[in-house]
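Shown next, in structure tokens, is the structure this report addresses.
Just so it is clear, the model here is predicted, and its values are computed rather than measured.
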Amino acid sequence: MAGRVYRVDHDFTATESVELSVSKGDVVVTVDDSGEQDGWLLVSKRGLPSVRGYVPVSYLSVLPSLPAPTPAVRSSSPPRSTSSPRLASPAVPAGSSVDNYETAFEQHHSYIREVLRRREQTFSRLESAIQAQQRRISDLLDRNSQLTTRIVELDNRIEEERRRWRDAIESEKKAVQQFASS
């Protein structure tokens with residue numbers, strides 16, 4: 001299977017780090033003999049072996065000069081892939097020895113450990129970010145409470161000053177009226 005050449009039938013935009021974005025008409029080459037993994041192939045762009053990743057096999061057609069892989073139903077619109085190669089088990093060719101199965105199992109086990117490690121790191125980072133935001137919200141709520149208290153104090157002082165000025169004006173009015181009537 002390694003080195004098999006395919007033409008890309010539909011644009012595909014990678015959504016995972018292990019996937020490869022390709023455009024309709026691109027030519028890609030299979031990277032290894034692992035074959036199709038849950039509807040995905042590990043390929044590299046032709047002439048760029050370091051640019052590699054998984055592409056849904058249903059987006060590809062074997063170039064006519066080469067033997068075709070297991071036939072896949074093709075439609076005129078791009079098919080929807082439902083599984084990611086990140087979770088695909090390594091394929092083991094039919095008739096392989098027990099050693100090949102053990103190797104495939106160990107590769108799969110190592111892959112799962114790595115996925116779990118990355119998941120744990122991601123959750124740890126998310127938890128830290130959430131805790132930081134919770135602390136910030138708590139600080140902002142405290143600050144809001146302090147500002148609300150300060151605003152209430154200022155409103156009370158303003159009202160007190162208004163009453164004092166009203167009383168002073170009333171006193172002046174009475175004094176002017178008494179002076180005018182005397």
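- Distance check, rounded to the nearest 0.5 Å: CG of N144 to CD1 of I151 gives 8.0 Å.
- R162 CZ: 12 or fewer foreign heavy atoms inside a 6.0 Å radius.
- One distance of note links OG of S171 with NZ of K174; it measures 6.5 Å at 0.5 Å rounding.
- The list of side-chain hydrogen bond (donor to acceptor under 3.5 Å, both in side chains) pairs with a residue in residues 149-158, not counting sequence neighbours, is empty.
- How far CG of L60 is from CZ of R4: 12.0 Å, rounded to the nearest 0.5 Å.
- Between T122 and R119, the side chains place no donor N or O within less than 3.5 Å of an acceptor N or O (distance only, hydrogens not considered).
- For Q134, the side chain to side chain contact (heavy atoms under 4.5 Å, CB included) partners are I130, Q131, not counting sequence neighbours.
- Follow the hydrophobic side-chain contacts under 4.5 Å out from V22 and you reach L48 in the same cluster.
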Check: Can S110 and R113 be said to form a side-chain hydrogen bond (donor to acceptor under 3.5 Å, both in side chains), step by step?
Finding: CA-CA 5 Å; S110 296; R113 280 193 309 246; 3.1 Å; yes
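- Judged purely by atom type and a 3.5 angstrom limit, S124 has no side-chain atom pairing as donor or acceptor with the backbone of E120.
- Contact between V27 and L63 at its shortest, heavy atoms only, is CG1-CD1, 4.3 Å.
- Between T15 and E19, the side chains place a donor N or O and an acceptor N or O closer than 3.5 Å (distance only, hydrogens not considered).
- Atom CZ of R166 has more than 12 neighbouring heavy atoms from other residues, nucleotides or ligands inside a 6.0 Å radius.
- Within the 4.5 Å cutoff, the side chain of R163 has heavy atoms near those of the E159 side chain.
- For the pair S44/V51, no side-chain contact is recorded, criterion being any heavy-atom separation below 4.5 Å from C-beta on.
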Next item on the list: Show your working on side chain to side chain contact (heavy atoms under 4.5 Å, CB included) between S128 and R125 and close with a plain yes or no.
Entry: CA-CA 5 Å; S128 295; R125 285 192 304 266; 5.7 Å; no
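- In this structure, CG on L41 lies 14.0 Å from OH on Y59, to the nearest 0.5 angstrom.
- Separation of atoms OG1 (T148) and CZ (R143) is listed at 10.5 Å; rounding is to 0.5 Å.
- Here CG of D26 is found 15.5 Å from OH of Y6. Values are rounded to the nearest 0.5 Å.
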